[in-house]
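Working notes for the structure below.
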Amino acid sequence: MSTTRTAVEIASQPTTWRQAARTLPQHTSALPRRGERVAVIGCGTSWFMALAYAELRESGGHGETDAFAASEFPYGRRYDRVVAITRSGTTSEVLAVLSRLRGTVPTGAVTADPTTPVMDLADAVAVLDFADEESVVQTRFATTALALFRAHLESEDALPEGVAPVEEAARDAEQALTAPLDENVRTAEQITFLGSGWTYGLALEAGLKMREAAGAWTEAYPAMEYRHGPISITGPGRVTWGFGALPAGLADEVRKVGGTLSESDLDPLADLIRAQRLAVAVAEAQGLNPDTPRNLTRSVILTDAPA
Ligand SMILES: O=P(O)(O)OC[C@H]1O[C@](O)(CO)[C@@H](O)[C@@H]1O
């Protein structure tokens, strides 16, 4: 078992997800209200969590929801609320959007550190300090932010007693933390992550984690896009990883061309933990330290961020 900071943070996710669900009432002022037209922004991992949340919210009937990389925010569109996800609270592109929108539209932020500029720029802030990380690569904060959003959607849905999807995901996460990683997947030359709906954001995040922590060659696509070109690189020694059930026929096509298929019955957010663990394992197998990724800092601060 890895003893890196990243591995320790990965292992704590069932606890922080449960804490997010438990502390939801303290955080709702920063979150969208049912029926609002909402834009969610972030950079890197935080953008991918924004994509996943936007799909969950809109497909669950909670209101129209778009997600944008903060640098690509479409200022010409009208939203009822804009919500930023930023672990550090200092990412330049996120701050630029919040600063430019100030006073024109209600804004919220989900962050880990209550001492940063995002606290002054957003109208309301959910501080998940219990999920903050020392690591450069994000694991725990990002998934805990998504767990908070999921818990909020659940609370708006007034689910029957006994139905608690975040708790179920946390239980699956415990399994994802202990299940052995498949040898074919650990030694793969290349991995393509596929998702659909909200799990497309998770596929993008899994691919990013492997690149950041392990310098691995990964790609990520909406599942049905795989047939439109990317499948050309599938073959022996290469893995196709599906978040959630892959569309019928796609799995057969992967096998037909000799690729390894990795699927799981776990909640997709819990399956992301398998990908995080894989990133650490692959990094360490190559003599890399996942705590010190190449060319990456914990927060990216630019002097020429678009405003
Ligand atoms: O959530 P934050 O702090 O705004 O940071 C996003 C950053 O996280 C990263 O995913 C690094 O972990 C970078 O891609 C990006 O700069």
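Just so you know, ligand 1 is whichever comes first in the structure, and atom 1 is the first atom listed for that ligand. This structure is a prediction, so every number in the text was calculated from the model and none was measured.
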Can you sort out which atoms of ligand 1 are near [X], meaning under 4.0 Å from one of its heavy atoms?
X: T45; result: 10 (O)
X: S88; result: 2 (P), 3 (O), 4 (O)
X: G44; result: 14 (O)

Of the choices T91, T90, V110, which has the non-hydrogen atom that lies closest to atom 4 (O) of ligand 1?
->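 Among T91, T90, V110, the closest heavy atom to atom 4 (O) of ligand 1 belongs to T91.
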With distance as the sole criterion, is a donor-acceptor pair present between the side chains of T6 and S135 under 3.5 Å?
->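 Side-chain D/A pair, T6 to S135: present.
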At what distance, to the nearest 0.5 angstrom, does CG of L272 lie from OG of S264?
->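 Output value for this atom pair is 11.5 Å.
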Hey, could you give me the CG/CD distance between L266 and Q175, rounded to the nearest 0.5 Å?
->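 Rounded to the nearest 0.5 Å, the CG-CD separation comes to 5.5 Å.
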Please state which protein non-hydrogen atom is closest to [atom] and give its distance, to 0.1 Å?
atom: atom 16 (O) of ligand 1; answer: V300 CG2, 3.3 Å
atom: atom 15 (C) of ligand 1; answer: C43 O, 4.1 Å
atom: atom 1 (O) of ligand 1; answer: S46 OG, 2.6 Å
atom: atom 9 (C) of ligand 1; answer: E212 OE2, 3.9 Å
atom: atom 8 (O) of ligand 1; answer: Q138 NE2, 3.1 Å

Going by heavy atoms in the side chains, are L202 and M49 under 4.5 Å from each other?
->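 Touching, per the 4.5 Å side-chain cut-off.
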V136: heavy atom below 4.0 Å from ligand 1, yes or no?
->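 For ligand 1, residue contact (heavy atoms, under 4.0 Å) with V136 is present.
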Any N or O of R87 that comes nearer than 3.5 Å to an N or O of ligand 1?
->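 Yes, at least one N or O pair falls under 3.5 Å.
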Considering only Ile, Leu, Val, Met, Phe, Trp and Tyr, and joining two whenever side-chain heavy atoms are under 4.5 Å apart, list the other residues clustered with Y226.
->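 L194, Y221, I231, L246, L250, V254, L261, which link up through side-chain heavy atoms under 4.5 Å apart, make up the rest of the cluster.
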Does a sphere of radius 6.0 Å around CE in M224 hold more than 12 heavy atoms from other residues, nucleotides or ligands, not counting ones at 6.0 Å or beyond?
->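 Atom CE in M224 is not crowded, with 12 or fewer foreign heavy atoms closer than 6.0 Å.
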Which one of R18, E174, Q276 satisfies the side chain to side chain donor-acceptor pair (under 3.5 Å) criterion with Q13?
->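 Among R18, E174, Q276, the one that satisfies the side chain to side chain donor-acceptor pair (under 3.5 Å) with Q13 is Q276.
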